[in-house]
Every structure is written in C-alpha cells, then in structure tokens.
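Have a look at the structure below before the remarks.
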Amino acid sequence: MLNEQYRSYLRWVVYQVYPRSFMDSNGDGIGDLNGITQKLDYLKDLGVNALWICPCYQSPNDDNGYDISDYENIMTEFGTMADMERLIAEMHRRDMKLIMDLVPNHTSTAHRWFQESRKGKDNPYSDYYYWFDEKPNDWQSVFRGSAWEFDPVRGQYYLHSFAVSQADLNWDNPAVVKEMQHVVDFWTGKGVDGFRIDVIDMISKDIAKGKNAFGPRLHEFIRALFGRENTRCLFTVGECWVGEIDEMIRHCAAERHELSTLFQFDHMEVGRTGGKFIPKKDSLKSLRDILIRWQQLTAEHDLLYTLFSENHDQPPMISRIADDRELRYESATCLAAMLYLLKGIPFIYQGQEIGAASARYGSIDQFDDVETINAYRDFRRTMPEEEALERINFGSRDNARHPMAWDGGEKGGFTTGSPWLALHSRYREINVQDDMNAEKSVGRFYRALLRLRAAHEAFLDGAFRVISSPEDPFFIYTREGKDETWAVVCNFESEQEIRLPFACEAPALASLNRGTMEGTYAPYECAAARVR
Ligand code: TEU
Ligand code: CA
C-alpha cells in the first residue's frame with residue numbers, strides 16, 4: 001500500500017516545459033520564464049497541476065541548459081531570479097507544484113568549479129572532477145567521440161559523459177556532495193516542490209571497474225540529497241535507466257527515502273532499432289505490452305509509476321508507432337487514453353496536448369541539438385547526405401524542441417522576434433488555436449480525459465486489470481476502485497469489432513462519437529465508460 005505522501009502524488013498531473021521553446025515574452029526569439037507565467041491559466045485549464053521545467057540555470061547552452069555554469073542563478077536569456085520567484089508565486093497561487101530539473105552528474109566547463117579545478121592539483125576544487133594523466137579506458141561520450149578530453153591548462157584528461165563542455169563531477173569528493181546538497185536546499189528554500197534528476201544513476205561510478213553508472217555509492221549519494229529531514233518531503237523523479245524491478249525498488253521504495261519515482265525507459269525503444277536514429281516498423285501493441293508489464297510490477301511492489309511517452313529527448317511517439325498524418329487526431333487521443341488512464345503520475349510533454357508530430361527539414365543547418373549534429377557528422381563519414389538526413393529527421397531531439405505553436409500566424413504566436421530554432425515544419429497545421437477550434441480537437445480530448453481522471457478515485461488508485469489478450473490488436477483494461485470500476489478501450493491501427501465480458505454504461509469519454517462501448521471501433525478509436 002502506498003503511504004499517504006506517495007498516494008497524494010497520484011493526483012499530480014505534470015506538464016513538462018522546455019522553457020527555450022515554450023513562450024517568448026520579450027521578443028528575443030527565446031522562450032523565457034515570464035512566457036511560462038503568461039501561460040499558467042492555459043495549463044490550469046488543460047487540467048495540469050504541476051510543471052517540470054527543464055534547466056533554467058545559468059548556462060552557455062551547449063546542451064541547452066544541461067551544461068550548467070551557475071546552479072543558483074537564472075539563465076540570462078530566460079530572465080531574472082525575480083522572474084523565477086514570480087513564476088513560483090503565481091504557480092502556488094494556482095495550487096500548482098513546481099518540479100525543477102537537477103543536473104548533479106556534470107557541470108559546464110564554464111562553471112567556476114571547473115575553471116578553478118583545471119588550475120592544478122593543489123587547489124580546493126582540484127578533485128571536483130575526474131582528472132587522469134592518460135585516458136584510463138576507452139569510454140565513449142553519449143554524444144559520440146571519446147569521453148576523455150585533454151585540458152591544456154591542467155595538462156590532464158577529464159571525463160565528459162556527454163558534450164565536451166559537460167565535465168562529470170567526482171561525487172567521491174565529499175565537497176561535491178555538499179555543493180549539490182546546497183543546490184537542493186537553495187531551490188527548496190525558494191519554494192520548489194520537487195526535482196527531476198538528470199542521469200541520477202551516473203553520479204556514482206567505479207572507473208577502475210569500468211562502471212560509469214550504478215557505482216557502489218549510488219544509493220548513499222541519492223539519500224545524501226533526498227533522505228535528509230528537510231528533503232524527504234520533496235517529490236523526486238529520477239531519469240534512470242533501470243531495467244529490472246529490483247533496481248526500481250532500490251531507488252523508489254518509500255522506506256528508503258531516495259526517489260519518489262523514476263522514468264523507466266523500456267518503451268522509449270519502440271519504433272526504432274540500433275540506437276535512436278534508425279526506424280523500425282512497430283505499433284502501439286509494443287507500447288501496450290511494456291506498459292502492462294510495468295503496471296503489474298509497480299502494483300506488486302507498491303511503487304509509483306510515471307505515465308509518459310515523450311520528453312525533450314525523444315521524437316513524438318505518434319510519429320514513431322502510429323499515424324501522424326491522416327489519423328493524427330485518432331493516434332494522439334488513443335495514446336493519451338491508453339497512457340493516462342493507467343495507474344501512475346501523468347507526464348505530458350509540451351505540444352503533446354495538440355497532437356504534436358515529428359518535423360522534417362532539408363538541411364542540417366536547421367538543427368540545433370548537439371547530439372544530432374554529432375550524429376550527423378558521424379553518419380556523413382559513411383553515408384550520403386540524403387541517408388544521413390533521413391536518420392537525423394527521424395531521431396533528432398529537435399523534433400521535440402521546436403517552438404510551441406500557439407497559433408498558425410507568422411511566428412506561431414511563440415515570439416514577435418526571430419525564433420531561436422525553426423518553427424515546426426507543420427505548425428500552420430498543428431497549433432493550439434486551430435486545434436481548439438477543430439471539430440476533432442486533441443486539446444479538448446485531453447481536457448475531458450484529465451477531468452474524468454481527476455473525478456474518479458478508480459483512476460487514481462484503482463487496481464489495474466488487463467482484459468484484452470496479448471494477440472488482440474487493441475488494448476482493453478479496467479481500473480477497479482472501491483465503489484466503481486471503469487473500462488478503457490483503445491483500438492490500434494485496423495478497424496475492429498470489440499466485445500466486452502461485462503456490461504458498461506455509455507462512454508463517458510470517446511475520441512469519436514459512439515453510444516456504446518461494444519461494437520465497431522475505427523482505427524485508433526478509444527473510449528472509457530463505467531462498468532455496470
Ligand atoms: O539525457 C540523458 C540521456 O541518457 C541521453 O542519452 C538522452 O536520453 C539522449 O539524448 C537520448 O538519445 C539527459 C537529458 O534528458 C538530456 O537532455 C541531456 O542532454 C543529458 O542528460 C545530459 O545532461
Ligand atoms: Ca524571450
């Protein structure tokens with residue numbers, strides 16, 4: 001049984017904001033904190049009551065804020081600390097929770113700590129990072145190339161698991177633990193309600209044993225951040241690459257006072273193969289089977305599960321395993337019903353609520369993401385431009401980072417200036433205003449779904465039960481609460497005759513007009529009803 005604090009998180013509906021691309025309030029073409037404040041009522045109306053805001057700390061933006069040069073100051077382009085304090089106050093006035101993005105594994109090489117550390121071996125910051133005379137192994141960066149960079153100032157190699165300018169912090173140095181505890185306390189003091197923690201499993205390494213993550217002190221370090229008296233009250237969600245339930249238990253069992261929950265990424269591999277740039281024919285069936293597994297595992301072990309299908313690193317799911325063209329509305333609403341009526345905490349990525357799809361561009365110059373550009377350079381060593389661009393268009397993180405299109409006007413209602421990244425190639429078709437006015441509106445469906453979910457305890461902590469069979473080309477499940485049971489039907493890519501083993505009321509939620517829960521379902525049609 002989940003404890004009271006964890007059960008309260010089941011009422012959270014989190015919207016992930018990529019601040020650079022959400023709303024520009026001052027015409028410089030870059031999204032900012034005041035732009036988020038301007039849109040709080042839009043988010044409240046959507047049915048959201050918590051925000052996860054990607055890093056907005058001082059940064060040179062080599063990795064768009066995940067390369068931090070000052071954890072306790074706001075990125076110049078995003079505004080001021082006063083703007084952040086106003087955003088927090090305005091959110092709390094609307095009873096919205098704020099989850100900040102903590103990046104404890106690495107800093108920008110522009111950070112004061114790195115600038116001091118590189119000066120030599122005898123200063124207080126010398127061991128804040130990993131320094132070696134020679135490369136101790138052949139580790140590769142996640143963004144390609146060696147993970148070891150020679151620094152001419154210090155005359156040694158330092159570790160960077162990501163971009164060259166993202167130096168990994170040495171957590172075995174107690175001073176680093178203290179610094180990160182201070183960062184958590186600083187933002188908790190500002191009224192922040194929780195943290196999403198970037199690559200949390202990497203903060204403990206064992207270089208001698210070749211482990212760049214899940215090192216021997218991982219849980220000690222996580223507890224050093226969130227197991228303290230003043231931090232146990234925080235909501236914490238780790239970006240973890242755990243594969244098995246026993247690892248998730250070690251991270252998230254309530255009595256361990258480590259993480260409240262985590263992002264489990266098994267389903268992020270659907271629709272692709274051999275890394276993130278090569279598509280693979282796939283369908284919602286793959287997503288369904290993974291969701292079923294983790295619904296059952298987390299229920300069995302009283303763990304909180306995060307319900308998400310995208311984020312700022314992933315191309316939109318409907319472009320990968322559904323139909324983002326002729327059946328874009330049906331695909332987007334089916335994915336929402338399939339995901340967000342399950343047991344867990346909904347995480348909605350900006351644009352998902354209007355059926356955002358992947359973009360397409362004809363030149364690498366229209367991309368920004370460091371991972372994408374490094375991958376393109378790699379591909380061009382062995383393949384023609386056209387094939388390299390095909391891969392980039394499929395897998396680039398920029399697919400999720402185009403400025404939010406609030407309308408189909410000249411700059412998509414995002415800015416009055418020149419947008420930092422090209423507007424989405426389909427923004428005139430996919431934008432908030434046109435969606436809300438459309439006969440089939442993804443946004444209206446999201447509002448109805450989130451209202452239904454919030455109104456019925458069965459969707460918050462009712463038991464999950466699979467009704468459909470593994471070979472069915474659709475997904476039927478129920479949520480059994482104390483007083484009522486609800487059924488959810490999500491059809492996949494082909495028209496199906498669907499029968500249920502129980503009687504239902506008329507659908508309380510339906511993506512297309514239908515009067516009963518049984519009968520013919522159009523491709524990607526979905527519905528939910530109370531079981532009689
Ligand atoms: O991503 C961690 C991570 O594992 C990356 O490999 C990411 O999943 C990859 O881009 C997927 O192809 C986190 C952040 O979410 C990401 O935006 C940062 O670039 C990265 O850490 C470094 O901070
Ligand atoms: Ca701006």
Side-chain angles (χ1 to χ4, degrees), residues 16 18-39 52-57 59 61-68 74-80 83 101-108 140-144 147 159-169 195-203 212-213 237-242 262-266 268-269 272 274-278 308 310-315 320 347 349 368-375 391-392 394-401 403-404 411 414-421:
Q16 181 192 353
Y18 194 71
R20 202 170 188 80
S21 300
F22 189 62
M23 181 64 202
D24 170 23
S25 70
N26 64 349
D28 65 357
I30 300 173
D32 46 53
L33 298 179
N34 289 336
I36 300 172
T37 302
Q38 283 175 13
K39 294 295 181 182
W52 156 23
I53 300 181
C54 286
C56 44
Y57 320 100
S59 164
N61 285 302
D62 294 351
D63 187 17
N64 289 351
Y66 284 93
D67 51 318
I68 296 166
I74 296 300
M75 189 188 299
T76 312
E77 300 94 317
F78 287 173
T80 64
D83 295 331
D101 204 322
L102 186 71
V103 186
N105 178 65
H106 45 270
T107 73
S108 166
Q140 295 298 297
S141 153
V142 173
F143 296 157
R144 299 162 188 264
L159 174 63
H160 64 89
S161 298
F162 293 92
V164 170
S165 61
Q166 289 172 293
D168 285 51
L169 282 165
F195 293 92
R196 175 268 186 183
I197 305 97
D198 193 61
V199 294
I200 182 84
D201 298 320
M202 297 180 79
I203 63 175
N212 76 338
V237 52
E239 182 195 34
C240 299
W241 298 85
V242 302
L262 56 77
F263 292 121
Q264 207 288 332
F265 284 88
D266 283 357
M268 282 298 116
E269 296 316 311
R272 67 189 186 201
K276 67 182 301 184
F277 292 100
I278 304 173
F308 74 103
E310 19 248 296
N311 61 33
H312 63 292
D313 292 331
Q314 307 292 342
R320 290 165 44 179
F347 278 77
Y349 182 64
D368 162 84
D369 169 31
V370 57
E371 177 186 61
T372 298
I373 289 162
N374 290 0
R391 289 190 175 195
I392 292 300
F394 170 75
S396 172
R397 300 192 297 182
D398 284 331
N399 278 308
R401 300 178 177 188
M404 182 77 172
K411 304 285 182 63
F414 166 72
T415 179
T416 55
S418 168
W420 73 278
L421 180 68

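For the numbers below, each heavy atom of this structure counts, side chains included, while hydrogens, waters and symmetry mates do not. Ligands are counted one by one from 1 in listed order, and the atoms in each one are counted from 1 as well.
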*Minimum side-chain heavy-atom gap S165-H160 below 4.5 Å*: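 Result no, sub-4.5 Å side-chain heavy-atom pair not found.
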
*Using a 4.0 angstrom limit on heavy atoms, which residues are close to ligand 1?*
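The answer is D63, Y66, H106, V142, F143, F162, Q166, R196, D198, V199, E239, W241, K276, H312, D313, E371, R397, R401, counting any residue whose heavy atom sits under 4.0 Å from ligand 1.
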
*Sequence-distant partners of W241, side-chain hydrogen bond (donor to acceptor under 3.5 Å, both in side chains), two or more places apart*: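 Scan of W241 (side-chain hydrogen bond (donor to acceptor under 3.5 Å, both in side chains), adjacent residues dropped) gives none.
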
_Set of residues satisfying side-chain hydrogen bond (donor to acceptor under 3.5 Å, both in side chains) with respect to R20, sequence neighbours excluded_ =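 Residues passing side-chain hydrogen bond (donor to acceptor under 3.5 Å, both in side chains) with R20: none at all.
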
Can you see whether [X] engages [Y] through a side-chain donor-acceptor pair at a distance of less than 3.5 angstrom?
X    : Y    : answer
E239 : N311 : no
S396 : D369 : no
T37  : N34  : no

*asked:* Taking 3.0 Å as the distance threshold, tell me the number of protein N/O/S atoms next to the Ca ion (ligand 2).
replied: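 My tally for this metal is 5.
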
*Please step through salt bridge (Lys or Arg N to Asp or Glu O under 4.0 Å) for the pair R397 and D368, ending with a clear verdict.*
CA-CA 9 Å; R397 300 192 297 182; D368 162 84; over 6 Å; no

*Parallel, tilted or perpendicular for F347 and F263, by the 30°/60° rule?*
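Perpendicular.
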
*Give a yes or no on whether the backbone of G79 and the side-chain of D32 come within a donor-acceptor separation of less than 3.5 Å.*
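Side chain of D32 to backbone of G79: no pair is present.
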
